[in-house]
Amino acid sequence: MRKIVIIGGVAAGLKSAAKARREDPTAQITVLEKGTLISYGACGMPYYVGGLIADVDEVMKTPSGSVRNAVFFKNGKNIDVRTRTMATAINRVDKTVAAKALETGEELEFPYDKLVIATGATPLRPPLPGIELSGIHQFWHPDDAVAIRSGIDNGHIKSAVVIGAGLVGMEMAEAFKTRGVDVTVIEMQDRVFPAFLDDEIAASVADFAAANGIKLALGEKVEQFNGDERVKEVVTNKRVIPTDVVVLAIGVRPNAELARAAGIAIGPTGAIAVNEYMETNDPDIYAGGDCVESTNMVSGKKVFAPMGSTANKHGRVIGENIVGKRVSFRGVLNTVVVKVLDLNVGKTGLTEREVKALGYQYVTAVVGGYDKPHYMPDAKSLTIKLIVETGSRKILGAQAYGEGDVAKRIDVVAAALTMNATIDDLFDMDLGYAPPYSHPIDNVAVAANAVMNKLSDKPV
């Protein structure tokens, strides 16, 4: 009987466990999770705070309503999930995992034939004066979402500060604004979504957010937090902002310490290094999720791209490979879509900043309009930016924003990037057309035309 041990019980860990069970009905599968909750969808938590989700338990349920807990995995999949059990060491010679039962202090040992490290990531918490005050949340666990929503519901939270204008930060800004909470977003860099938007696109997104009541403090650095027992003020290098609650959304670091201590190779990003089969430098140890690095499919460079979608793909690939298959994971495009009030924002592939830093020769085109014919009563704004290499004509990246259907267009370009397509291929795609959905020539194809005109030295 094959013994599989998995460290980590959220996305990648339990996806690999479930897939391995489908592939091998006889394997002994044990999942070690130091927390109390497993398999929860953290990406849904801002929408619980914002009131779109009634019960936080929904982010831990299947579509049919079953809570994904240890009993669910034992009864439904014969997977032994040990919550409140922290892995403390990996012995690669004896092929065992040492662990500690956090409730009792008991020392445990789990032998394995194949091991999966899915230890995730930890949100950054800056060592600033006042950081230990209550009311400062890292928003990485459903408990944070419950505490914040409760504070809003009972009237204790009327103002909020969000630190970081990335995905979680801006989603939380929307949640606060939706609930009538005065919200300020502080960002060290001079633009919103600094990791994936170029300056001109970010500026338009920031203008929309500010015009709709989200206060932005861009290019500011937090210096300390003031309060008695609970946070009352956030002090930046430019101002003092009164607040009832603070959300830290300044990024995460991979939990690679356990792997590093066992001699598992760490990549240039600081995350666990894996090959295309999600194997580490030990052929009996796999790793996936937010603790590993991936390969960017456009640049070929290693990147740290923690995303729930990627973690689930990692888990599926690992689940097949630990039972003897050879399925590869090609990499990521750092594709993101995000909603800021009524504005949709998306990106895939490389930004213009990244393209320039990598030394590409390239052209760009930014094309605005509506997402469907203007005569349709629900036509909405949509702007697309395409980035294309001049010599090969290969697409390098795209960004889009507007009140229209951004996700569809970003997904079209992501598909083209995955297929290593040229700008000509993008125009040639036979995309669906009907006035309720799109123009006869879709916005993506119009942007492709603009790039092709530039490449031919014709007017855009």
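Between G35 and T83, the shortest heavy-atom contact is O-CB, 3.4 Å. Minimum interatomic distance between M307 and D290 (heavy atoms only, all atoms of both residues): N-OD1, 3.5 Å. Of all the heavy atoms in I201 and Y401, the pair that sits closest is CG2-CD2, 3.6 Å. Minimum interatomic distance between I117 and C291 (heavy atoms only, all atoms of both residues): O-SG, 3.7 Å. Counting all heavy atoms, side chain and backbone alike, A311 lies closest to G289 at CB-CA, 3.8 Å. Of all non-hydrogen atoms in Y40 and W140, the two that sit nearest each other are OH-O, 3.6 Å.
A donor-acceptor pair under 3.5 Å is formed between the side chain of S134 and the backbone N or O of E229. At distances below 3.5 Å, at least one donor-acceptor pair connects side-chain atoms of N255 with backbone N or O atoms of T119. The backbone N or O of S66 sits less than 3.5 Å from a side-chain atom of T62, completing a donor-acceptor pair. With D198 contributing its side chain and E200 its backbone, the two residues share no donor-acceptor pair below 3.5 Å. For the pair D371 (side chain) and D405 (backbone), a donor-acceptor distance under 3.5 Å is present.
With a 4.5 Å cut-off on side-chain heavy atoms, K372 and Y437 do not count as touching. For the pair F329/S294, a side-chain contact is recorded, criterion being any heavy-atom separation below 4.5 Å from C-beta on. For the pair S299/E354, no side-chain contact is recorded, criterion being any heavy-atom separation below 4.5 Å from C-beta on. Inter-residue side-chain proximity for Y360 and L350 is flagged as met; some heavy-atom pair is nearer than 4.5 Å. The shortest side-chain heavy-atom distance between K301 and P268 does not fall under the 4.5 Å cut-off. Taking the side chain as every heavy atom from C-beta outward, H156 and D244 never approach each other to under 4.5 Å. In this structure, the side chains of I90 and I7 come closer than 4.5 Å at one or more pairs of heavy atoms. Residues L102 and K34 meet the side-chain proximity criterion, which asks for heavy atoms closer than 4.5 Å.
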> Hey, mind stepping through D228 and K232 against salt bridge (Lys or Arg N to Asp or Glu O under 4.0 Å) and telling me if it holds?
Replying inline: CA-CA 8 Å; D228 297 324; K232 294 296 182 186; over 6 Å; no
> Stepwise, does the side-chain contact (heavy atoms from CB on, under 4.5 Å) test hold for I384 with V444?
Replying inline: CA-CA 7 Å; I384 297 177; V444 169; 4.0 Å; yes
>> Run K61 and E58 through salt bridge (Lys or Arg N to Asp or Glu O under 4.0 Å) and show every step you take.
In response: CA-CA 5 Å; K61 289 182 179 179; E58 291 297 326; 3.4 Å; yes
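In the model, D207 has no side-chain atom that pairs as donor or acceptor with a side-chain atom of S204 under 3.5 Å. Side-chain contact annotation: T295 with K302, donor-acceptor N/O pair under 3.5 Å present.
Paired with V340 under the rule side-chain contact (heavy atoms from CB on, under 4.5 Å), one option of I214, N212, V192 passes, and it is I214. Between V222 and the options V235, V234, I241, N237, a side-chain contact (heavy atoms from CB on, under 4.5 Å) holds for only V234.
One finds a salt bridge joining D153 and R149 here, because a Lys/Arg side-chain nitrogen approaches an Asp/Glu carboxylate oxygen to under 4.0 Å.
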